[in-house]
Number of protein chains: 2
Amino acid sequence: MSKRNAILAAATRLFARNGFKETSTSELTKITGAAGGTIFHHFKNKEDLFLNVLKDVETTVTSAFRELTERHRAHPGMDQVEHAVISYLQLAANFEDQFLLLHRHYPYQVAETNADCRRSLESVYNCLLEIFEGCIRAGIKDGTIQTGSARSTAMIIFAMVDGITRLHTYNIYHAGSLYNDVIQSCRSLLAASASSGANERTGKEGTWPV
Amino acid sequence: MSKRNAILAAATRLFARNGFKETSTSELTKITGAAGGTIFHHFKNKEDLFLNVLKDVETTVTSAFRELTERHRAHPGMDQVEHAVISYLQLAANFEDQFLLLHRHYPYQVAETNADCRRSLESVYNCLLEIFEGCIRAGIKDGTIQTGSARSTAMIIFAMVDGITRLHTYNIYHAGSLYNDVIQSCRSLLAASASSGANERTGKEGTWPV
DNA sequence: TCCTCAACCGAATGATCGGTCGGTTTTTGG
DNA sequence: CCAAAAACCGACCGATCATTCGGTTGAGGA
C-alpha cells in the first residue's frame with residue numbers, strides 16, 4: 001500500500017475513534033511508518049487530510065448502500081423499506097469507522113465554513129434519504145404503504161434507524177438486539193395511515209435548508 | 001455570579017459548541033474574566049471541569065424532563081407518550097448546549113474509562129428511557145397502546161425523537177418542521193400491534209450492558 | 001483589630017503540536 | 001541508461017496548551 005493510502009486509512013480510523021483534534025500527526029507517523037513530512041507532501045494540511053478522508057467515506061458509504069439496495073427495486077415497496085433498513089444496519093456494522101465519523105460533531109462544524117465538507121455530507125444524506133424515499137414512494141404506488149409525505153416519512157425512518165445505531169455505538173442498552181423490533185416498528189409506521197400531512201408541501205425541498 | 005459558576009457556564013457552552021479539546025483554558029479566561037490559575041483552583045484539571053459540567057447537564061436535563069412529564073401521569077398512555085415526545089423536543093430546544101454536549105462523541109469516550117462520567121450518562125439515559133417506558137406501560141394497561149415490550153418500544157421511540165433532534169442540530173433538511181409527523185408516526189407505531197416480541201425477555205435488563 | 005482561610009491572580013514552564021524545508025530515494029518515461 | 005519528477009525523509013521551528021506556584025485580595029469570626 002502506498003504511504004498516501006496508509007495515511008488515509010490510519011486517519012480514517014483515528015479521526016473516527018479518537019477525533020480530529022485528538023489525533024496528532026506524530027501518531028499517524030508511528031502507525032503508518034511514514035515521516036512527518038510525507039503527510040504534508042500528500043495533503044496540504046491536517047484539515048485537507050480530513051476532507052480527503054470524508055470524501056472517501058462519502059464514496060464508500062453511498063456506493064455500498066446503493067449496491068445493497070438496488071437489487072430489490074422490483075419487490076413490493078414495504079419489503080423494499082425493510083430491506084433498506086436491514087442494509088443500513090449491516091452497513092453501519094461493516095463500516096464502523098465511517099459511520100463513527102459521520103456521527104461525530106466535527107464534520108458538521110467544518111461544513112459550516114467549508115463548502116467541500118458540506119458537499120460531502122450533503123451527498124451522503126441525499127443518497128441515504130433518496131433511497132429510503134424511493135422505497136416508500138414505490139410502496140405508496142403499489143399500495144403496500146399508506147403515508148402522507150414520502151420525504152417526511154423517509155426522514156423519520158432514517159432518524160429512527162440511525163438513532164438506534166448511535167445508541168448501539170455508544171453502548172447504551174443492548175441496542176443491537178433491537179433490530180427485529182426496529183423493522184417491526186417501521187412496518188407498523190408505514191402500514192397505518194399517517195393522516196397529518198403537515199409537511200406534504202415541503203416534500204420536494206432540498207435536503208439541506210441553507 | 002461567582003467565578004466558579006462563570007467558569008462552569010462558559011465551559012458548558014464551549015465544550016458543547018466547539019468540543020473539549022478545542023476549548024482552551026485561555027479562551028475560558030477571556031470569556032469569564034477569571035485568571036488561568038482560578039480555573040485550577042476550583043477544578044483539579046480540565047477533565048475534572050468537564051465532569052462537573054456533565055454532572056450539571058445531568059441534573060438540569062433529568063429534573064427538567066421529569067418536571068415536564070409528571071403532570072400528565074393521569075392521562076391515557078398514548079397521550080402521555082405524545083406529551084413526552086413534545087416535552088423532549090421542547091427540552092432539546094431550550095437546553096441546546098446541554099443536548100449538544102450529549103450528542104457529542106467525547107462524553108461516551110471518557111465514559112469508557114471514567115466511572116463518574118459513565119454514571120452521569122447512565123443517569124440521563126435511564127431517566128429518559130424510564131419515562132418513555134412508563135408512559136407506554138400505562139398505555140398498555142389502559143388499552144390505548146398495543147406493543148410487545150415496553151422497554152424496546154421506548155428505546156425505538158427515543159431513538160426516533162433523538163435522531164430527529166440530531167438532524168435538526170446538524171442542519172440536515174428542515175428537520176424542525178417534522179415535529180407533527182414525528183408525533184403522528186409515534187401514534188401509528190404504538191397503535192398497531194407489534195407482534196414480534198423478540199425482545200420481551202430483555203425488557204427488565206439494565207440500560208447499559210457492561 | 002487581627003488572624004485565617006478561601007478565592008483569586010498572572011507570570012513562568014515544559015511538553016506537544018502542526019507545519020516547513022533541504023535533502024535523499026524511488027519511480028517513470030523517453 | 002539517464003534525467004526528471006514524484007515520493008519520501010527527519011530535523012527543526014514557532015505557537016499554543018495545560019498546569020504550577022508564589023503572591024495578593026477580601027470576607028468573616030474571635
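Note that the structure is a prediction, hence the values are computed from the model and not measured. The sequence lines fix the lettering, A, B, ..., with proteins before strands; numbering per chain opens at 1. Computed from heavy atoms alone, side chains included, the values below leave out hydrogens, waters and symmetry copies.
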For [X], give me all partners under ring-ring contact (aromatic ring centres under 6.0 Å, His included), at least two apart in sequence or on another chain.
X      : result
A/H41  : none
B/F132 : B/F65
A/H72  : A/H75, A/H83
A/F95  : none

_Selection: residues 15-28 of chain B, any non-hydrogen atom under 4.0 Å of DNA chain C_ =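 By residue number: none to list.
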*Taking only residues two or more places apart in sequence or in another chain, which ones pass salt bridge (Lys or Arg N to Asp or Glu O under 4.0 Å) with B/R17?*
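B/R17: salt bridge (Lys or Arg N to Asp or Glu O under 4.0 Å) contacts with B/D97.
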*Listed partners of B/D56 passing salt bridge (Lys or Arg N to Asp or Glu O under 4.0 Å), at least two apart*: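 For B/D56, no residue satisfies salt bridge (Lys or Arg N to Asp or Glu O under 4.0 Å) once neighbours in sequence are set aside.
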For [X], side-chain hydrogen bond (donor to acceptor under 3.5 Å, both in side chains) partners two or more places apart:
X      : value
A/S120 : A/E58
B/N18  : none
A/N94  : none

*chain A on DNA chain C: first and last contacting nucleotide, 5' to 3', under 4.0 Å to a heavy atom?*
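Contact boundaries, 5' end first: C/dC17 to C/dC21.
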Distance in angstrom units between [X] [atom1] and [N] [atom2], rounded:
X     : N      : atom1 : atom2 : result
B/K46 : D/dT16 : NZ    : C1'   : 12 Å
B/E47 : D/dC17 : CD    : P     : 19 Å
B/F40 : D/dT19 : CZ    : P     : 4 Å

*For B/T23, does its backbone N or O pair with a side-chain atom of B/K46 as donor and acceptor, under 3.5 Å?*
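Yes, B/K46 side chain to B/T23 backbone: donor-acceptor pair under 3.5 Å.
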*Under 4.0 Å protein heavy-atom contacts per nucleotide of nucleotides 3-13 of chain D, with B for base, S for backbone only and - for none*: ----BBBB---
